[in-house]
Structure formats: C-alpha cells, structure tokens
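Keep in mind the model is a prediction, meaning the values are calculated, not measured.
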Amino acid sequence: MPVRFGILVFPGSNCDHDALAAVQDVMGQQARYIWHKETDALGDVDVVIVPGGFSYGDHLRAGAIARFSPVMQSVRQFAAEGGLVMGVCNGFQVLCESGLLPGALMRNEALRFVCKEVDLRVEDAATPFTNAMQEGQRLRVPVAHGEGRFYADEDTLDALEAGGRILFRYAEGENPNGSVRRIAGITNERGNVLGLMPHPERCADPLIGSGDGRLFFKSMVAHLEAQATRRKQPA
C-alpha cells in the first residue's frame with residue numbers, strides 16, 4: 001500500500017509542487033496538499049512535509065508567522081504521536097520557530113542569497129530519513145536560501161552531537177552559509193522530525209542532473225513499510 005504524504009501549503013510556499021512531484025511522480029507514492037488554515041486536515045497521512053519557499057513573505061523573519069498557522073497545531077500533535085515530519089529550507093525554519101526543533105536559522109554569513117549545488121555528508125544512516133544511505137556517503141543536493149545559517153548555543157550543539165541528532169553536515173569546504181559545525185540537517189530527540197536546509201525534492205529525478213534526493217524519500221518509505229510489516233506479524 002502506498003505511503004501517504006501530506007504537503008503543507010502556506011502563502012508564499014514555492015517548493016510544494018516540487019515535493020509532490022518527487023513523492024508522486026518519482027517515488028510512486030500518494031501525496032496531497034494541505035492548506036495552512038486547515039486544522040483537522042492531516043487525516044491519515046503517514047508523513048508531513050513542510051516545504052521550502054517564503055511563507056508569509058518571510059515577514060518578521062523566516063518561518064516566524066507560519067508557526068501560528070492553524071495547521072501547525074495538528075503537525076505538533078502528529079509529531080508527538082510519532083509521525084514523520086520533514087521540513088525543507090523554509091520548512092526547517094518553520095520547525096525551529098515552532099519549537100519542534102532546537103536552534104535557529106540566521107542570515108547567511110556572507111549576507112547574500114545562495115543558490116547552488118553542495119556536497120552533504122551523511123552522519124547517521126540508521127534513521128527513518130537515512131536508511132537508504134550509508135554513513136559517510138556524500139550526496140549532491142541543491143541549496144537556495146538567504147537565511148540558512150544554523151545556530152544554537154554550545155550546550156544545545158553538544159546535546160545534538162551526543163544524541164546523534166546531526167544527520168547531515170556540509171562536506172569540508174562546502175559550508176554555503178556559515179552554519180555552526182557545518183550542520184545541514186538535524187532531528188528532534190525522538191528522531192521523527194527532520195529539518196534540512198538543502199532541497200532533496202529538487203534532485204530526486206536523475207533526469208534533472210542528480211537522483212541523490214530520492215534517497216531521502218526512499219528511506220522514509222522503507223521505514224514505514226517495515227513498520228507496517230512488523231504490525232502484521234503475529235505476537
């Protein structure tokens with residue numbers, strides 16, 4: 001049975017269509033849009049994607065207003081119940097503003113918007129988001145952001161390191177925004193919420209130059225299929 005993805009849509013989202021294409025056209029799974037004003041719209045989705053873009057025009061700061069959208073209460077509940085949530089770029093910013101992930105995304109160190117492909121290093125391949133990868137594997141994934149510099153205090157950074165919650169780092173010499181400890185993607189303590197600045201949905205199809213992004217979606221699908229198999233097994 002296909003995995004069901006719900007893709008949030010805020011005013012200013014611009015990567016929601018890319019996410020749906022990656023899930024539906026490349027992966028052959030089910031996907032539907034969820035408008036930000038809907039409070040009971042998650043329904044029976046298995047994964048929530050908070051896509052990139054410029055929610056609410058980045059007024060105040062990136063993700064600051066989207067955190068108050070009605071749908072985010074449902075997302076918080078979904079995550080608390082163990083549902084998989086992936087926030088990409090602006091979605092990462094929204095998750096941090098919502099308290100679902102620690103830290104903050106600040107202006108790029110060079111104070112310029114950056115749009116290019118970068119190399120990521122997979123730090124942990126034993127998670128719902130990385131099981132189709134290998135530890136130490138390098139992935140080529142595009143970035144496109146003006147406020148992507150991850151920052152947190154030293155205690156928080158040490159806790160992320162100790163808990164194995166830094167899933168992706170920019171490869172050496174590939175830190176496009178000045179993120180502390182070259183952090184590109186982190187999870188919450190439970191490991192079911194991922195925030196990621198690079199855009200896997202933009203490189204899921206090899207026809208457009210790279211298929212590395214497909215591994216993110218393949219990992220989530222494999223994790224959920226394994227869960228479903230275990231539930232069917234007799235006690």
Side-chain angles (χ1 to χ4, degrees), residues 2-10 12-34 45-55 58 62 84-95 105 108 112-123 125 127-134 136-148 167-177 179 182 184-185 194-225:
V3 172
R4 297 162 301 227
F5 287 76
I7 301 166
L8 303 192
V9 181
F10 300 99
S13 296
N14 68 6
C15 298
D16 42 353
H17 291 274
D18 294 330
L20 185 135
V23 168
Q24 192 169 267
D25 300 337
V26 177
M27 296 300 302
Q29 306 299 316
Q30 293 182 0
R32 63 183 176 87
Y33 298 123
I34 300 174
V45 301
D46 302 303
V47 182
V48 170
I49 296 179
V50 191
F54 302 90
S55 58
D58 281 351
L84 295 186
V85 179
M86 182 172 75
V88 178
C89 196
N90 185 232
F92 189 4
Q93 296 160 343
V94 173
L95 294 178
L105 284 308
N108 293 346
R112 295 193 301 269
F113 190 91
V114 58
C115 182
K116 64 177 184 176
E117 290 186 335
V118 299
D119 283 342
L120 300 182
R121 184 183 189 277
V122 180
E123 298 294 298
T127 79
F129 305 100
T130 59
N131 61 74
M133 308 170 191
Q134 296 183 7
Q137 183 175 358
R138 289 170 72 107
L139 307 175
R140 193 70 172 167
V141 184
V143 296
H145 55 252
E147 298 178 56
L167 298 196
F168 301 98
R169 296 185 201 268
Y170 299 109
E172 289 188 19
E174 282 276 19
N175 193 341
N177 46 45
S179 289
R182 304 200 322 273
L194 169 69
L196 179 76
M197 281 312 295
H199 287 268
E201 78 284 2
R202 294 185 180 179
C203 61
D205 190 338
L207 286 174
I208 56 176
S210 170
D212 286 351
R214 185 176 184 271
L215 298 175
F216 293 78
F217 302 100
K218 184 178 180 181
S219 295
M220 289 184 280
V221 170
H223 172 77
L224 290 165
E225 287 179 343

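- Scanning all heavy atoms of the two residues, the minimum distance from Ser55 to Phe10 falls at CB-CB, 3.8 Å.
- For the atom pair CZ of Phe168 and CD of Glu123, the computed distance is 9.5 Å after rounding to the nearest 0.5 Å.
- A pairwise comparison of heavy atoms in Asn108 and Gly148 identifies OD1-N, 3.0 Å as the closest pair.
- To the nearest 0.5 Å, atom CG of residue Leu215 and atom SG of residue Cys203 are 9.0 Å apart.
- The CD atom of Gln93 sits 6.0 Å away from the CD atom of Glu147 when rounded to the nearest 0.5 Å.
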TODO: Please report the C-alpha distance between Val221 and Gln29 in whole Å, then the side-chain angles of each, then the deciding distance to 0.1 Å, and finally whether the side-chain contact (heavy atoms from CB on, under 4.5 Å) criterion is met.
DONE: CA-CA 9 Å; Val221 170; Gln29 306 299 316; 3.9 Å; yes

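- In terms of heavy atoms, Ala22 sits closest to Ala204 at CB-CB, 3.9 Å.
- Contact check for Val45 versus Phe5: no side-chain heavy atoms found under the 4.5 Å cut-off.
- In this structure, the side-chain contact (heavy atoms from CB on, under 4.5 Å) partners of Asp119, at least two apart in sequence or on a different chain, are Arg138, Arg140, Ala171, Glu174.
- Not one N or O on the side chain of Glu201 forms a donor-acceptor pair closer than 3.5 Å with the backbone of Pro51.
- Distance check: Leu20 CG to Ile7 CD1 gives 4.5 Å after rounding to the nearest 0.5 Å.
- Looking at Asn177 and His145, their side chains do bring a donor and an acceptor atom within 3.5 Å of each other.
- By the side-chain contact (heavy atoms from CB on, under 4.5 Å) test, Asp205 pairs with Val26, Leu207, Ile208, sequence neighbours left out.
- Within the 4.5 Å cutoff, the side chain of Asp58 has heavy atoms near those of the Asn90 side chain.
- A donor-acceptor contact shorter than 3.5 Å links the side chain of Arg182 to the backbone of Tyr170.
- Two residues are said to be in side-chain contact when any heavy atoms from C-beta on lie closer than 4.5 Å; Phe217 and Val3 fail this criterion.
- Between the side chain of Thr130 and the main chain of Met133, no donor-acceptor pair closer than 3.5 Å is present.
- For the residue pair Gly146 and Phe113, the shortest heavy atom distance occurs at N-CD1, 3.4 Å.
- Arg4 pairs by the side chain to side chain donor-acceptor pair (under 3.5 Å) definition with Asp46, not counting sequence neighbours.
- Once rounded to the nearest 0.5 Å, the distance linking CG of Asp16 with CD1 of Ile34 reads 11.5 Å.
- The minimum heavy-atom distance linking Gly53 with Asn14 is given by the pair CA-OD1, 3.1 Å.
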Open item on the list: Go through it in stages, so that I can follow the logic: the residues are Phe216 and Leu139, the test is side-chain contact (heavy atoms from CB on, under 4.5 Å), and I'd like the CA-CA distance, side-chain angles, deciding distance and then a yes or no.
Closed with: CA-CA 11 Å; Phe216 293 78; Leu139 307 175; 3.8 Å; yes

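- When all heavy atoms of Phe92 and Gly195 are compared, the pair lying nearest together is CD1-CA, 3.5 Å.
- Note: His223 and Phe129 fail the aromatic proximity criterion, with ring centroids not under 6.0 Å apart.
- We find the OH-CD1 distance between Tyr33 and Ile49 to be 10.5 Å, quoted to the nearest 0.5 Å.
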